[in-house]
Structures are given as C-alpha cells and as structure tokens.
Protein chains: 2
Amino acid sequence: MSDSKSKLFNDQGELVVPKPVVGRLSLYLREVQHLIRGGRETTNSNELGRLLGVTDAQVRKDLAYFGQFGHPGVGYRCQELVAAIKIIMGTNTSWNVALIGIGNLGRALLRYKGFHEQGFQIVAAFDVDDGVIGTKVEGVDVYHIQHLAKIVMQQSIRLVTIAVPSHAAQTVVDQIVEIGIEGILNFAPVTISVPSQVRVIGVDLAMELEQLAFTVVNRDSNS
Amino acid sequence: MSDSKSKLFNDQGELVVPKPVVGRLSLYLREVQHLIRGGRETTNSNELGRLLGVTDAQVRKDLAYFGQFGHPGVGYRCQELVAAIKIIMGTNTSWNVALIGIGNLGRALLRYKGFHEQGFQIVAAFDVDDGVIGTKVEGVDVYHIQHLAKIVMQQSIRLVTIAVPSHAAQTVVDQIVEIGIEGILNFAPVTISVPSQVRVIGVDLAMELEQLAFTVVNRDSNS
DNA sequence: TAGATTGTTAATCGATTAACAATC
DNA sequence: TAGATTGTTAATCGATTAACAATC
C-alpha cells in the first residue's frame with residue numbers, strides 16, 4: 001500500500017524532499033530551457049552540475065526524488081526534463097496571479113515579461129489610490145482592494161504578489177488570507193504572519209544587496 | 001596566536017560560518033530595526049525566534065559566531081545589536097552601487113527607497129540606448145556603458161546591479177569583471193559565470209513565483 | 001537574592017557526496 | 001560490444017537543537 005505511493009511522501013502525507021532541492025529544481029528548469037533555446041537535445045548531470053556549480057551526484061539525486069527522468073548512457077532529454085520539472089513545480093498549467101500595490105515596483109512587475117513566460121498571468125491589480133483605480137496598467141485593470149474577494153473568485157486566483165508600503169503589508173495580508181489565497185509573494189521588507197496553511201515567500205531587494213556586501217567584505221571560499 | 005584571531009576564520013583564513021547563517025543575519029537586522037521603530041529597547045532570542053520562525057537556540061548560536069552581543073538575564077539591546085550586525089554585514093558604512101540596464105525593472109530599482117535606507121547608494125546608471133543616455137532618472141545620471149570603468153573608479157563603486165535583457169547579461173558581466181567589480185546583483189534570469197574572486201547573487205522574480213507554486217501544490221509541513 | 005537569559009558543548013538530525021551495479 | 005551515464009546505497013559532512021553552567 002505505501003509502496004504504491006510516490007516516494008515523495010511519507011506516511012503522514014508530508015513531502016520528504018530536502019528543502020534546498022526545490023530551489024535547485026527551478027535552476028535546473030531554467031538552465032535546461034536555456035540549453036533548448038540553444039538547440040540542444042540532451043544534457044546530463046555532469047553538464048548541469050558544472051553550469052550551476054553543484055556536483056553531478058547532487059543533480060541526479062535531486063531529480064531522482066521525483067521519479068526516473070534520465071536515460072542511462074544518454075543523459076536527460078531536454079524537452080522531457082523540462083516537462084517533468086514543470087509538472088513537479090505545478091507550472092505545467094498556467095496560474096492567475098493578483099498584484100496588490102501599484103507603486104514603482106508594482107508597475108515594474110506588471111511590465112515584466114518573465115512571469116508570463118513561466119506560466120504566471122497577472123490578471124488583476126489592486127490599490128487604494130483613487131488616482132489609479134479604474135485605469136489599466138499594461139492592459140491590466142486596477143481595482144480598489146475592496147473588490148479583491150470578488151475578482152479572486154471570478155478569476156480563480158490562488159497566488160498574490162504584494163508590493164505595498166511596509167506599514168500596509170500586514171493589513172493587506174490579513175485581507176488576502178481571509179479570502180482564501182494560498183500563496184503570497186511579498187516584496188515589502190517586513191516579516192508578515194499568516195496561518196500555517198498559507199505559503200509565503202519574501203523578496204527583500206535591499207537584503208539581497210546586504211548579502212552581497214557581506215560576501216564581498218568577508219571574501220571567503222564558501223558561498 | 002590562532003586564539004587571538006576571531007573565531008570567524010579557520011587556519012586558511014576562510015570563514016567558518018554555516019552558509020544559512022548569513023541570510024538569517026539579515027532577517028535579524030531587519031526585525032530588530034522594526035522593533036526599534038516601535039520603541040523597543042531590548043529583545044531576546046526567544047522573541048526573535050518566534051517572530052522569524054526559528055528556534056531561540058538558533059538565534060543565539062547564529063549571533064555567537066560573530067561575538068558576544070547579548071547580556072545574560074537581559075537579552076540583546078536593540079541599538080547595540082543593530083550596530084553589531086551592520087558591522088558584520090559591512091553596511092555600517094555606505095556603499096556606492098552602479099545600475100546597468102534602464103528598462104522597467106532598472107527604473108523601479110532607481111526609484112526604490114529601500115536601498116538607501118540600508119546604506120546603498122545607486123550613484124550612476126548605464127545603458128546602451130541613446131534615448132536614455134545623457135538623461136537623469138531619479139536624479140541619477142545615465143551613461144553609455146563604455147564609460148563604466150571611468151565612473152566606477154571616480155565613485156569608488158564596488159557593487160553593480162544588473163537589470164539587462166537575458167541575452168546581454170553575460171557580455172555585460174564580462175565587462176564588469178574586467179573592471180574589477182567585486183559583487184554583482186543579477187536580475188537577469190540566466191546563470192552568469194564569473195571568476196572565483198567575484199561574488200554573484202541572482203534574483204529571478206519568475207523563479208520566486210515558481211517556488212511559491214511548488215509549495216502551494218505540494219502543501220507540506222516543510223518550508 | 002531569585003529569575004531571566006546568554007554563550008557554548010554535545011547529541012541529534014538532515015543534506016551531500018562517493019562509489020558502483022544496472023542500464024542503454 | 002564498449003563506453004557512457006543513470007539511480008541508489010552507504011559513508012561523510014554540515015547544520016540544528018537541547019541542555020545547562022555562567023552571568024547579569
């Protein structure tokens with residue numbers, strides 16, 4: 001019985017993949033897509049490892065958590081591998097995403113083409129500023145945040161990106177959570193709290209520069 | 001002799017701090033700064049751990065890698081701790097940063113106030129488009145990238161943020177490296193290669209959404 | 001002083017790597 | 001077939017946690 005289940009899950013139905021694997025999976029996906037654009041048909045763990053700065057053993061092990069995608073003696077067929085990783089990541093189908101906060105960063109996110117290319121559509125934008133509500137930015141309608149619940153329902157939105165001022169972030173998050181959103185990409189440089197069933201990823205641009213400064217100041221052989 | 005050295009370094013002069021610590025250090029800094037804005041004088045490992053979702057033991061251990069910043073029976077004095085972490089991160093003094101690529105994202109980065117608040121000044125911007133070269137964006141001069149070396153020298157720039165199209169990224173990086181830049185914050189969604197003395201941190205916005213999709217699809221107790 | 005909280009050690013837990021039989 | 005490369009096991013390495021003496 002437990003043998004018929006994917007080895008992804010343990011007896012409590014929890015994912016048993018080491019946490020760092022998920023980040024690398026995205027890197028593998030990006031790199032193989034890049035190889036495909038260059039006309040490549042196959043790759044292998046050695047090449048992927050070299051390109052991404054990990055060992056070949058790690059590449060094989062990471063992928064093997066999810067199934068058998070390789071061909072001994074051949075390697076990984078690029079198209080096949082991309083399709084497999086997309087299914088694992090959940091990006092084989094498209095996701096509708098809402099954006100909250102139409103400031104500098106919010107506008108840049110609306111214009112950013114990279115989301116669409118990976119299967120994410122920003123289908124609605126929200127703010128509290130009457131100056132932008134009712135307009136379209138990059139073809140996307142801007143609504144007052146009070147209409148969030150309605151639009152989320154209509155458009156089957158499961159993920160929200162928030163790019164609001166720090167002081168407003170937690171209030172906005174509380175509203176989002178109330179509505180039943182499943183995942184939040186938070187660009188506000190503050191810790192937000194959510195119930196355990198809601199997933200959050202935070203991106204703090206200043207923090208990234210800070211990390212960089214650290215690695216430069218403490219120039220070491222790690223990192 | 002080796003006792004007189006900071007315990008940060010081993011006999012080869014390499015940093016012996018676990019890699020995940022650096023990321024958490026930035027989180028501690030942000031959180032304590034937030035507490036200070038709320039009027040708080042002291043905090044402790046238990047509180048910080050609870051706010052950030054790590055154990056109290058981890059908070060104490062992370063900080064203890066770098067020195068003794070706490071006061072038994074009292075906790076950590078907020079101002080003191082912020083000052084200490086800034087010294088560790090190298091952000092107790094200001095950094096001059098160049099931005100390359102004045103597209104959607106580049107402009108948003110120029111307008112973003114969060115960098116300045118953490119001690120990073122974007123002091124020059126670069127592009128190859130004659131339409132923007134010679135103008136100012138947010139008070140920052142835009143130069144042709146051919147003047148990079150000169151400006152970097154004049155302004156003592158050590159870090160560069162690149163927000164150029166993916167196909168141009170590696171070429172730009174090669175020029176940057178040539179000039180002797182020490183750290184690169186890369187927003188282009190491609191792997192770039194640099195010599196080992198140059199530090200790189202990549203931020204791929206679509207990849208972040210991808211990670212979020214994964215955690216939502218595989219709703220688990222990790223992550 | 002009694003209570004609170006640190007810094008640090010040793011034990012535990014988790015992730016990575018090396019090696020190799022199986023496979024194409 | 002011989003050569004290449006996977007998937008997987010066991011060994012190694014690294015990070016986290018629990019516990020507690022030292023300190024304020």
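Lettering follows sequence order; numbering is per chain, from 1. None of the values given here were measured: they were computed from a predicted structure.
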* What dot-bracket string describes DNA chain D from 5' to 3', counting Watson-Crick and G-U wobble pairs whose defining distances are under 3.5 Å, with [ ] for crossing pairs and | for pairs to another strand? -> ..||||||||||||||||||||||
* Asked: If you count the non-hydrogen atoms of other residues, nucleotides and ligands that lie under 6.0 Å from NE2 in A:His71, is the total more than 12?
  -> yes
* Below 4.5 Å, heavy atoms only, C-beta onward: do B:Val97 and B:Val123 meet side chain to side chain? ->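 They are not in contact (no side-chain heavy atoms under 4.5 Å apart), so the answer is no.
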* Asked: For B:Ala57, which residues count as a side chain to side chain contact (heavy atoms under 4.5 Å, CB included) partner, sequence neighbours excluded?
  -> B:Thr55, B:Arg60
* For A:Ala206, what residues pass the side chain to side chain contact (heavy atoms under 4.5 Å, CB included) criterion, not counting sequence neighbours? ->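 Side chain to side chain contact (heavy atoms under 4.5 Å, CB included) list for A:Ala206, sorted by chain: A:Asp204, B:Phe115, B:Gln118.
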* For residues 79-87 of chain B, which residues have at least one heavy atom under 4.0 Å from DNA chain D? ->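 Output list: empty, so none.
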* List in numerical order all residues of residues 39-60 of chain B for which some heavy atom is under 4.0 Å away from an atom belonging to DNA chain C. => B:Asn44, B:Ser45, B:Arg60
Rounding to a whole Å, what distance do you find between [X]:[atom1] and [N]:[atom2]?
| X | N | atom1 | atom2 | result |
| --- | --- | --- | --- | --- |
| A:Phe69 | D:dG7 | CZ | P | 9 Å |
| B:Gln68 | D:dA21 | CD | P | 18 Å |
| A:Asp62 | D:dG7 | CG | P | 12 Å |
| B:Lys61 | D:dA19 | NZ | P | 16 Å |

Name the pairs: protein N/O against N/O of nucleotides 22-24 of chain C, kept only if under 3.5 Å.
residue, atom, partner, partner atom, Å
C:dC24, O4', A:Pro72, O, 3.4

* Which pairs pass side chain to side chain donor-acceptor pair (under 3.5 Å) with one or both residues in residues 175-188 of chain B, sequence neighbours excluded? -> A:Arg219-B:Glu182, B:Arg158-B:Glu182
* To do: Just grab all the side chain to side chain donor-acceptor pair (under 3.5 Å) pairs involving residues 83-103 of chain A, residues at least two apart or on different chains.
  =>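 Applying side chain to side chain donor-acceptor pair (under 3.5 Å) to every pair that reaches into residues 83-103 of chain A, excluding sequence neighbours, yields A:Ser94-A:Gln121.
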* Minimum-distance nucleotide (side-chain atoms of B:Tyr65 versus D:dT16, C:dT8, C:dT16) ->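 When the side chain of B:Tyr65 is considered, D:dT16 is the closest of D:dT16, C:dT8, C:dT16.
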What distance do [X] atom [atom1] and [Y] atom [atom2] have between them, rounded to the nearest 0.5 Å?
| X | Y | atom1 | atom2 | value |
| --- | --- | --- | --- | --- |
| A:Arg199 | B:Leu212 | CZ | CG | 9.5 Å |
| B:Thr161 | A:Leu209 | OG1 | CG | 5.0 Å |
| A:Leu48 | A:Asp56 | CG | CG | 10.5 Å |

Run the salt bridge (charged side-chain N to carboxylate O under 4.0 Å, His left out) test against [X] and tell me which residues pass, sequence neighbours left out.
| X | value |
| --- | --- |
| B:Arg37 | none |
| B:Arg24 | B:Asp62 |
| A:Arg50 | none |

* By ring pair (Phe, Tyr, Trp, His ring centres under 6.0 Å) - contacts of B:Phe187 (at least two apart) -> none
* To do: State whether B:Tyr76 places a side-chain N or O below 4.0 Å from either non-bridging phosphate oxygen (OP1 or OP2) of C:dG7.
  => yes
